[in-house]
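Positions are given from 1 along the sequence.
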Amino acid sequence: MKNIIKKVAAINDLSGFGRSSLTAIIPIISNMGIQVCPLPTAILSTHTGGFKNFSFVDFTDNMTDFINHWKALGLNFDCIYSGFLGSSKQIDIVSDFIDFFGNDENLVVIDPVMGDDGSLYDTMENDIVSKMKNLIEKADIITPNFTELCLLLNKKYKSTISEDEIKQWIFELSKIGPNIIIVTSVPEEKNSSDKFSNVIAFDKKNNVFWKTKCKLIPTSYPGTGDSFTSVLIGSLLQNDPLPIAIEKATNFINQCIRSSCKFKYPNREGILLEKMLPMLTHPIIENNCELLKNNIK
């Protein structure tokens, strides 16, 4: 039976304060007319980006009870969205979840949250990268940032990369399994005079690359990756084509950062999401997602 309102199973952590993970995912996807069914991986007093002495409750041992109840209820989902997973055991649980609830009709989206700025997060276990490689084999779409792409490919992080090289890296990762790979925070080439942050995507089924770019804003906020993937999922479930979904997600994050940085408050609280949610109902006037030449052999 099809859902009257589309449903997303959102597997991620929940922080009582700070706009990241489920506290960003739920309002964004709900605002786009889609029901969010959260499956917490951990419950924290705040997120870990910039806060100290936070309360942390590992929810691993409770996840199976959640899932078993959902199985008994006969729930079905239009999308399975997996984000931050703090342990190998949680990756195994999510893998089993996908095996049971995944089908030819729904989307499996995995954001392989592992690191940023060239480094693995301190909270990650040593075998998290190898386990994540196994998990993304089951995904239709993955949304790593540039650091996570390097980790998945076991490549050395670099501050600049050519368009041809990043396409080759993404194509290499696509051989693992995901049909669509969307890489965020891709740096510019060395000889670029302007500072831009790029999103590069590869659609393996149609054998095409897409690129969208925006001027780099010299500030950062936690949770923007969660918000990007949430808008992308909402757009795709609204039946937007991939380049429109990428553009919508990129534009939303860019506008959120531009607006938030004009207010004086601690960046660790995240983007001022509440002020920007109405933007999700606005149509895209101009699509700047560029079709790239595919010269991969």
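A distance of 8.5 Å separates CD1 in I271 from CE in M276, rounded to the nearest 0.5 Å. Summarising the geometry, atom CG belonging to L292 is positioned 11.0 Å from atom CD1 belonging to I166; distances are rounded to the nearest 0.5 Å. Atom CG in L277 sits 9.5 Å away from atom OG in S30 (nearest 0.5 Å). Here the CZ-CD distance, from F97 to Q90, works out to 13.5 Å after rounding to the nearest 0.5 Å. Here CD1 of I25 is found 8.0 Å from OG of S227. Values are rounded to the nearest 0.5 Å.
Test L173, V108, I141 against I136 for side chain to side chain contact (heavy atoms under 4.5 Å, CB included) and you get one pass: L173. Screening I80, V109, I233 for a side chain to side chain contact (heavy atoms under 4.5 Å, CB included) involving V8 leaves a single residue, I233.
Ion pairing between E188 and K213 holds under the 4.0 Å rule for side-chain N and carboxylate O. The pair D140-K205 does not meet the salt-bridge criterion, since no charged nitrogen lies less than 4.0 angstrom from a carboxylate oxygen. Salt bridge status for E105 with K2: absent, with no side-chain N to carboxylate O gap under 4.0 Å. A salt bridge is absent between D226 and R19; no separation between the charged side-chain nitrogens and carboxylate oxygens falls under 4.0 Å.
Closest approach of L236 and A245 over heavy atoms only: CD2-CB, 3.7 Å. Between N198 and P187, the shortest heavy-atom distance links the atoms ND2-O, 3.7 Å. Nearest heavy-atom pair across P222 and G49 is CG-O, 4.4 Å.
Atom CG of N154 sits in a sparse spot, with 12 or fewer heavy atoms from other residues, nucleotides or ligands closer than 6.0 Å. Applying the 6.0 Å contact sphere to CD1 of I4 captures no more than 12 heavy atoms from other residues, nucleotides or ligands. Residue I5 qualifies as open at atom CD1: its count of foreign heavy atoms under 6.0 Å is 12 or below.
Between the side chain of D116 and the backbone N or O of T147, no donor-acceptor pair lies under 3.5 Å. R268 places no side-chain N or O within 3.5 Å of a backbone atom of G18 that could act as its donor or acceptor partner. A donor-acceptor distance shorter than 3.5 angstrom exists from the side chain of N106 to the backbone of F77, with no hydrogens or angles considered. A distance-only check finds no donor-acceptor pair linking the side chain of K211 to the backbone of C289 [under 3.5 Å]. In this structure, N206 contributes its side chain and V208 its backbone to no donor-acceptor pair below 3.5 Å. Looking only at distances, no side-chain donor or acceptor of S119 sits under 3.5 Å from a matching main-chain atom of G115. The main-chain N or O of F252 is never found under 3.5 Å from a side-chain atom of Q255 such that the two would form a donor-acceptor pair.
Side chains of S21 and D13: a donor on one and an acceptor on the other come within 3.5 Å. Between the side chains of T143 and T229, at least one donor N or O lies within less than 3.5 Å of an accepting N or O. K138 and S95 share a donor-acceptor pair across their side chains, judged by distance under 3.5 Å alone. With 3.5 Å as the limit, one finds no donor-acceptor pair spanning the side chains of S162 and D164. A donor-acceptor contact under 3.5 angstrom links the side chains of N267 and T219, judged on distance only. Counted by atom type alone, T160 and E189 present zero donor-acceptor pairs between their side chains at under 3.5 Å.
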Kindly determine whether Y221 and C256 satisfy side chain to side chain contact (heavy atoms under 4.5 Å, CB included), including the steps that lead there.
-> CA-CA 10 Å; Y221 298 88; C256 282; over 6 Å; no

Do S88 and D127 pass the side chain to side chain donor-acceptor pair (under 3.5 Å) test, and can you show the C-alpha distance, the side-chain angles, and the key distance before you say yes or no?
-> CA-CA 7 Å; S88 298; D127 64 343; 2.8 Å; yes

Does the pair K155 and E165 meet the rule for a salt bridge (charged side-chain N to carboxylate O under 4.0 Å, His left out), with working shown?
-> CA-CA 12 Å; K155 292 185 181 292; E165 188 172 19; over 6 Å; no

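Here F209 and F171 keep their ring centres 6.0 angstrom or further from each other.
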